[in-house]
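Contents: one structure, followed by commentary.
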Amino acid sequence: MHRSPARPRRALIATAALACAALVASCSPGDGGGGGGDDGRLQVLASFYPLQYVVEQVGGEHVDVSNLTPPAAEPHDLELAPAQVRRIGDADLVVYLSGFQPAVDEGIAQRAPEHVVDAAESAGLEEHPGEDAGAHAGESAEEHAEHADDGHDHGPTDPHFWLDPTRLAAVGDAVAAELAAVDPEHADDYAAGAAALTADLDALDAELAEALAPCAGATLVTSHEAFGYLAERYDLRQVGISGIDPEAEPSPARLREVGEVVRENGVTTLFFETLVSQKVTRTLADDLGVGTALLDPLESLAQDATDYREVMESNLEALTGGLVCA
């Protein structure tokens with residue numbers, strides 16, 4: 001997928017923090033290699049939060065899950081310290097999303113862990129799900145070139161599948177199967193964990209569908225195009241100020257275009273998000289005379305949040321309060 005140019009200051013801070021975290025982790029008594037830690041639990045690495053959540057729900061008491069992406073950090077920009085790369089090779093299982101975090105892809109290629117789950121294989125990734133099909137219709141060649149620069153000609157697939165709970169449930173089944181391959185003795189427990197996760201995510205899906213039914217066809221204007229699967233699942237029309245890359249600066253042409261969409265559709269709220277700057281979204285909202293609200297793409301767990309389900313409940317509240325619904 002598209003990756004934005006290097007961001008020296010953020011990358012330096014993230015790398016330093018990760019190196020410290022990796023040093024601590026590498027010295028922890030429970031950080032065993034393949035075959036389980038000292039307490040007998042399987043040592044599992046997840047590359048970012050939604051995958052950590054899945055492993056915790058499926059593996060339960062039999063797994064010790066570590067997240068390669070620190071809390072409240074931007075996963076797209078992840079850089080791995082050498083100790084973390086070594087842990088990829090030593091873990092009993094690594095769960096990641098290929099194409100989402102280049103450093104993790106490189107670490108897996110380098111260390112070749114025996115047991116891996118690539119969420120991309122079970123999540124059913126798509127090209128631009130839920131995006132307004134006419135967003136760039138009729139634009140000039142110059143405007144199209146500007147959109148290419150601001151991230152709208154991004155890679156062939158959108159990685160943010162976990163914002164559709166049913167797609168996240170499919171990853172749970174893949175994790176259960178691989179955990180059973182590593183630890184056949186507890187295969188039934190892993191299958192039961194995956195079934196319980198699926199039931200809970202199906203209930204969440206039903207809750208979202210019922211609450212958003214009056215909003216069918218509503219225009220969802222977001223700071224970047226992270227909500228395509230959510231929009232597709234619940235019949236919304238996503239319009240991103242920026243493309244898939246959350247750090248890409250939208251062009252003047254794109255800002256004009258979004259402004260026209262807002263005015264034409266009576267949009268009352270622009271949605272900003274955690275982890276990235278809110279400045280562009282808030283400035284555009286002020287210029288258009290509309291409000292703003294937080295919509296969390298759940299790439300990392302916010303500091304005051306408890307888990308995936310709580311954040312999705314908060315997102316539902318923001319959507320029903322901010323969308324123009326019947």
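- Of all heavy-atom pairs between A169 and T198, the closest is CB-OG1, 3.9 Å.
- Judged purely by distance below 3.5 Å, without hydrogens or angles, the side chains of S98 and D105 never pair a donor atom with an acceptor atom.
- In this structure, S314 has no side chain to side chain contact (heavy atoms under 4.5 Å, CB included) partners at least two apart in sequence or on a different chain.
- Residue pairs meeting the salt bridge (charged side-chain N to carboxylate O under 4.0 Å, His left out) criterion with at least one member in residues 183-198, sequence neighbours excluded, do not occur.
- Minimum interatomic distance between P250 and I241 (heavy atoms only, all atoms of both residues): CB-O, 3.3 Å.
- Here L208 contributes atom CG and L204 contributes atom CG; the two are 4.5 Å apart, rounded to the nearest 0.5 Å.
- Among all heavy-atom pairs drawn from E273 and S223, the shortest one is OE1-OG, 2.9 Å.
- Side-chain atoms of S300 come within 3.5 Å of backbone atoms of A73 as a donor-acceptor pair (strictly under, hydrogens ignored).
- When every heavy atom of I88 is checked against every heavy atom of V94, the shortest pair comes out as O-CG2, 3.6 Å.
- Taking CZ of R87 as the reference point, atom CG of L68 lies at 7.5 Å (rounded to 0.5 Å).
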Legend entry - Working for side-chain contact (heavy atoms from CB on, under 4.5 Å), residues V44 and V95: CA-CA 8 Å; V44 183; V95 184; 4.3 Å; yes
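- No side-chain heavy atom of L236 sits under 4.5 Å from any side-chain heavy atom of F227.
- Atom CG in L319 sits 8.5 Å away from atom SG in C325 (nearest 0.5 Å).
- Heavy-atom minimum distance, A120 versus L125: CB-CD1, 3.9 Å.
- Within the 4.5 Å cutoff, side-chain heavy atoms of P297 are placed close to those of T274.
- One distance of note links CG of L42 with CG of D92; it measures 5.0 Å at 0.5 Å rounding.
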Inset, instruction - Starting from the C-alpha separation in whole Å, work towards a yes-or-no answer on side-chain contact (heavy atoms from CB on, under 4.5 Å) for D158 and E225. - result: CA-CA 8 Å; D158 176 359; E225 294 170 354; 5.9 Å; no
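- Atoms OG and CG, from S47 and L80 in turn, are 9.5 Å apart once rounded to the nearest 0.5 Å.
- By the side chain to side chain contact (heavy atoms under 4.5 Å, CB included) test, L301 is found to be paired with Y49, A305, V311, residues two or more places apart in sequence or in another chain being considered.
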Determine all donor-acceptor pairs shorter than 3.5 Å in which one atom belongs to a side chain in residues 173-181; sequence neighbours excluded.
from: E178; atom 1: OE2; to: H115; atom 2: ND1; distance (Å): 2.7

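- You'll find the side chain of Y308 reaches within 4.5 Å of the side chain of P165, heavy atoms only.
- For residues 114-123, there are no salt bridge (charged side-chain N to carboxylate O under 4.0 Å, His left out) pairs, not counting sequence neighbours.
- Applying the salt bridge (charged side-chain N to carboxylate O under 4.0 Å, His left out) test to residues at least two apart or on different chains, the pairs with a partner in residues 305-316 are D200-R309, E207-R309, R309-E313.
- Contacts classified as ring pair (Phe, Tyr, Trp, His ring centres under 6.0 Å) and involving residues 162-194 (residues at least two apart or in different chains) are given here: F48-W162, H62-H186, H62-Y190, F100-W162, H160-W162.
- Sorted by first then second residue, the side-chain hydrogen bond (donor to acceptor under 3.5 Å, both in side chains) pairs that include residues 282-295, not counting sequence neighbours, are Q278-R282, R282-T292.
- Grouping Ile, Leu, Val, Met, Phe, Trp and Tyr by side-chain contacts under 4.5 Å, direct or through others, leaves V324 on its own.
- A search for salt bridge (charged side-chain N to carboxylate O under 4.0 Å, His left out) contacts involving R263 returns nothing, not counting sequence neighbours.
- The nearest pair of heavy atoms linking A123 to R167 is O-NH1, 3.0 Å.
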Please set out all donor-acceptor pairs under 3.5 angstrom arising from side-chain atoms of residues 51-61, sequence neighbours excluded.
from: Q52; atom 1: OE1; to: N67; atom 2: ND2; distance (Å): 2.9
from: Q52; atom 1: NE2; to: E56; atom 2: OE2; distance (Å): 2.9

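- A donor-acceptor contact shorter than 3.5 Å is absent between the side chain of R254 and the backbone of E249.
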Inset, instruction - Check step by step if side-chain contact (heavy atoms from CB on, under 4.5 Å) holds for R233 and D205. - result: CA-CA 9 Å; R233 180 70 180 171; D205 173 56; 2.8 Å; yes
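- A donor-acceptor contact shorter than 3.5 Å is absent between the side chain of E299 and the backbone of P75.
- Residues in residues 257-290 take part in no ring pair (Phe, Tyr, Trp, His ring centres under 6.0 Å) pair, two or more places apart or across chains.
- Atom OH of residue Y234 and atom CG of residue L163 lie 9.5 Å apart, to the nearest 0.5 angstrom.
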Legend entry - Stepwise side-chain contact (heavy atoms from CB on, under 4.5 Å) test for L201 and T166: CA-CA 6 Å; L201 292 175; T166 64; over 6 Å; no
